[in-house]
Amino acid sequence: MNLFNEFAKDLRVILDDLAANGELPAGLDLSKVTVEPPRDASHGDLSTNAALVLAKQAGRKPREIADLLVARLQGLADVTSVEIAGPGFVNLRLSDDTWRQRVGDILVAGVTYGNSSVGAGTAVNIEYVSANPTGPLHAAHARGAVVGDALASLLEKAGYTVTREYYINDAGAQVEVLGRSTYLRYREALGETVAEVPAGMYPGEYLKDVAADLVERDGSKWLDAPESEWLPAIRDFAIERILIGIKEDLAALGVRKQIFSSERALIASGAVEDAYQSLIDQDLIYQGVLEPPKGKKPDDWEPRPQTLFRATQFGDDVDRPLKKSDGSWTYFANDIAYHLDKFRRGSSVLIDVLGADHGGYVKRMQAATTAVTGGQGTLDAKICQLVHLLQNGEPVKMSKRAGTFVTLRDVIDQVGRDVVRFIMLTRRNDQTLEFDFAKVTEQSKDNPVFYVQYAHARCHSVLRHASAAAPERNLGPDVLAATAALSRLEAPEELALIKLMANWPRIIESAAQAHEAHRIAFYLYDLAAAFHGLWNKGKDDTTMRFLLEEDPELTTARLALIKAVSIVIASGLGVMGVEPVEELRG
RNA sequence: GGACCCGUAGCUCAGCUGGAUAGAGCGCUGCCCUCCGAAGGCAGAGGUCGUACGUUCGAAUCGUAUCGGGUCCGCCA
């Protein structure tokens, strides 16, 4: 349960009551009223801005409203003090027992602690990775993959119904190039010498493997065939082969997709015509000529009439072309159909996780989504900034032209999947991120992965010690919840740790609503820091240690606390897709 | 020329969708220490939140302008 929501409900009842009594005007807009933990703990446990927010509407001074609230809030169970502070905040303190009860809640709930129903089952479709099937995933794809996957898990935990989707760009010029590039390697595999891969072709070594498999399946049957025959066959073979590799790489990263949508299948189904017709029906299509982009001079610019979508009516900067000069659809047109398809399959909230180079694409896609769903669907685009790969502070050299790029698989093999997943969430998605192979595997406080895992492992270490000391005892969470005398948890550090854990459901809800999975990583870091701090207390002050032979009752209470910490950490790591470890071995 | 993202402590970054005296880690300074399980601990200094207006009871957060860095810009996907 979310304690803050509970008090928000209580507050709402009080406000309604005051309105009914005529002490406040009826019909106040309460949408901006919040109940939050104050930033500064010395202000209390809970704080509400109600008096400030309502003052203007009610035509009263903030303090007058605050006085009304104080009188009522004092009557609530669990509230030990209420005071007015600053410009009109109302700060509450709750009894320590109220907080201690959260430990019991956590033990009983296990890793489902923090689960919420704010999502109310709203269907969300989240599309991520969606790399072109022209080569294996490389390191840069890791970020989008992790951000998308963690966001999906976060939304599920917050009560949304989530579809994890991958859009296969298997139509268009790039897969044609793939087909030709594969053909080149195919001829090579059959004995021809290829001095150099021509410019514009994919030079990667991986196509040699694809070609070898093709030879195994088809022998030399394509050597003398016309291009019109070999191209579609070889192209499709290559796409299929590469897609298998991509799926394996995603699996290695722990990313599970429910749906792979093919662009080509979408086109074949007539979905693009369908979407196009819908835009025509809304009078959003016209033939027009675009202005050339200023400042940047395309060499071969000449004004041409094009089939344009009125994106400017929905906040975009210019209207966007839907057809190429040869009459085929632009990528954008296909993508409109794809987004409509996702909407029609039941998701009104669409999320695209995209790379930094797609930043300029967002407005038009949002415009199109609004248009084609009649305003019923919304699109949020999460743009992932670049990842800089470093080795001890030195940039890792990569050359796309030479085909020497670091693959996702390389990264996973080097540092492990959990490290990749955690590090990718240690920055906001729209902030560039440095990934240093040396630092991310370091066992030190500088490394957040280690720091958080270490906290979890420490919890289990203490529990193992307790078990070893008394093998007959049952330290299961249910038993601890039922038997621990939580009132013995009196130290300020212990209560602070409990309050931090009580915040977990709030973190889930706010992070889910903001579509920001990185907040989980930061929260876990804070929680780990609080736990390590408590541990360190025991160094100087032996009465603060967890295991106290002379005081079994307090020991049990502390074991309950520690178990709760490990549960919350495991719950958070679960959202991130990271396996919590119970032991660290160098 | 335009669009989007970023600009917060010496460095790397948070900042809970507008709240109270802006936080953390590293680095720096000064003490302490060798531990139930292995990153040593504690304390301190350090910021006109790029700049200027504006909206608001209240702005790092919203708006406008401007400077600096990045990404991108008609039939590539």
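Naming convention: chains lettered A, B, ... in sequence-line order (proteins, then strands); numbering from 1 in each chain.
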For this session: Using atom NE2 of A:His388 as one end and atom C1' of B:G69 as the other, report the distance to the nearest whole Å.
Result: 12 Å

Exercise. Rounding to a whole Å, what distance do you find between A:His465:NE2 and B:C35:C1'?
Worked result: 12 Å

Seminar exercise, completed: Contacts of A:His518 and A:Leu290 projected onto RNA chain B by closest heavy atom; the upstream (5') one is A:His518

For this session: Starting from P on B:C33, measure out to NZ on A:Lys537 and report it in whole angstrom.
Result: 16 Å

Exercise. Looking just at side-chain N and O atoms, do A:Glu263 and A:Asn334 make a donor-acceptor pair shorter than 3.5 Å?
Worked result: yes

For this session: Remember a base hit wins even if backbone is also touched, and classify A:Glu291 as base, sugar-phosphate or nothing at under 4.0 Å, heavy atoms.
Result: nothing

Problem set entry | Polar pair under 3.5 Å, donor/acceptor by atom type, side chain A:Arg506, base B:C16 | yes

Exercise. For the residue pair A:Phe531 and A:His456, is the inter-centroid distance of their aromatic rings smaller than 6.0 Å?
Worked result: no

Exercise. Are a donor atom and an acceptor atom from the side chains of A:Lys342 and A:Ser261 found within less than 3.5 Å of each other?
Worked result: no

Exercise. Any side-chain N or O of A:His460 less than 4.0 Å from the OP1 or OP2 oxygen of B:C36?
Worked result: no

Exercise. Looking at A:Lys324, does any N or O in its side chain come under 4.0 Å of the phosphate oxygens OP1/OP2 on B:A77?
Worked result: yes

Exercise. Which residue lies toward the 5' end of RNA chain B, A:Asn536 or A:His515, if each is placed at its nearest nucleotide?
Worked result: A:His515

For this session: Remember a base hit wins even if backbone is also touched, and classify A:Glu434 as base, sugar-phosphate or nothing at under 4.0 Å, heavy atoms.
Result: nothing

For this session: Using whole Å, report how far CD1 of A:Ile423 lies from P of B:C13.
Result: 13 Å

Problem set entry | Side-chain ion pair, A:Arg519 and A:Glu516, N-O less than 4.0 Å | yes

Problem set entry | A:Glu494 with A:Arg558: basic N within carboxylate O range, under 4.0 Å | yes

Exercise. Which value, in whole Å, describes the distance between the C1' atoms of nucleotides B:C67 and B:U51?
Worked result: 7 Å

For this session: Look at all strands and tell whether A:Tyr331 reaches a base, only sugar-phosphate, or nothing, counting heavy atoms closer than 4.0 Å.
Result: base

Problem set entry | Gap between atoms CZ and C1', on A:Phe450 and B:A38 respectively (whole Å) | 7 Å

Exercise. Rounded to the Å, how far apart are A:Asp436 CG and B:C13 C1'?
Worked result: 16 Å

Problem set entry | d(NZ, A:Lys56; C1', B:U55) in whole Å | 10 Å

For this session: Indicate for each nucleotide in nucleotides 3-8 of chain B, in 5' to 3' sequence, whether protein heavy atoms under 4.0 Å reach the base (B), only the sugar-phosphate (S), or nothing (-).
Result: SSSSS-

For this session: Let me know the distance between CG of A:Asp541 and P of B:G41, rounded to the nearest Å.
Result: 17 Å

Exercise. So, the side chain of A:Asn429 versus the backbone of A:Lys382: is there a donor-acceptor pair under 3.5 Å, distance only?
Worked result: no

Exercise. Just by protein heavy atoms under 4.0 Å, how would nucleotides 18-24 of chain B read 5' to 3' in B, S and -?
Worked result: -BB---S

For this session: Using a 4.0 Å heavy-atom cut-off across all strands, classify A:Ala171 as base, sugar-phosphate, or nothing.
Result: sugar-phosphate

Exercise. Is the backbone of A:Glu442 close enough, under 3.5 Å, to the side chain of A:Asn447 for a donor and an acceptor to pair up by distance?
Worked result: yes

Exercise. Centres of the A:His532 and A:Tyr451 rings: under 6.0 Å?
Worked result: yes

Exercise. Is NZ or CZ of A:Lys324 both nearer than 6.0 Å to the six-membered ring centre of A:Trp329 and within 45° of the ring axis?
Worked result: no

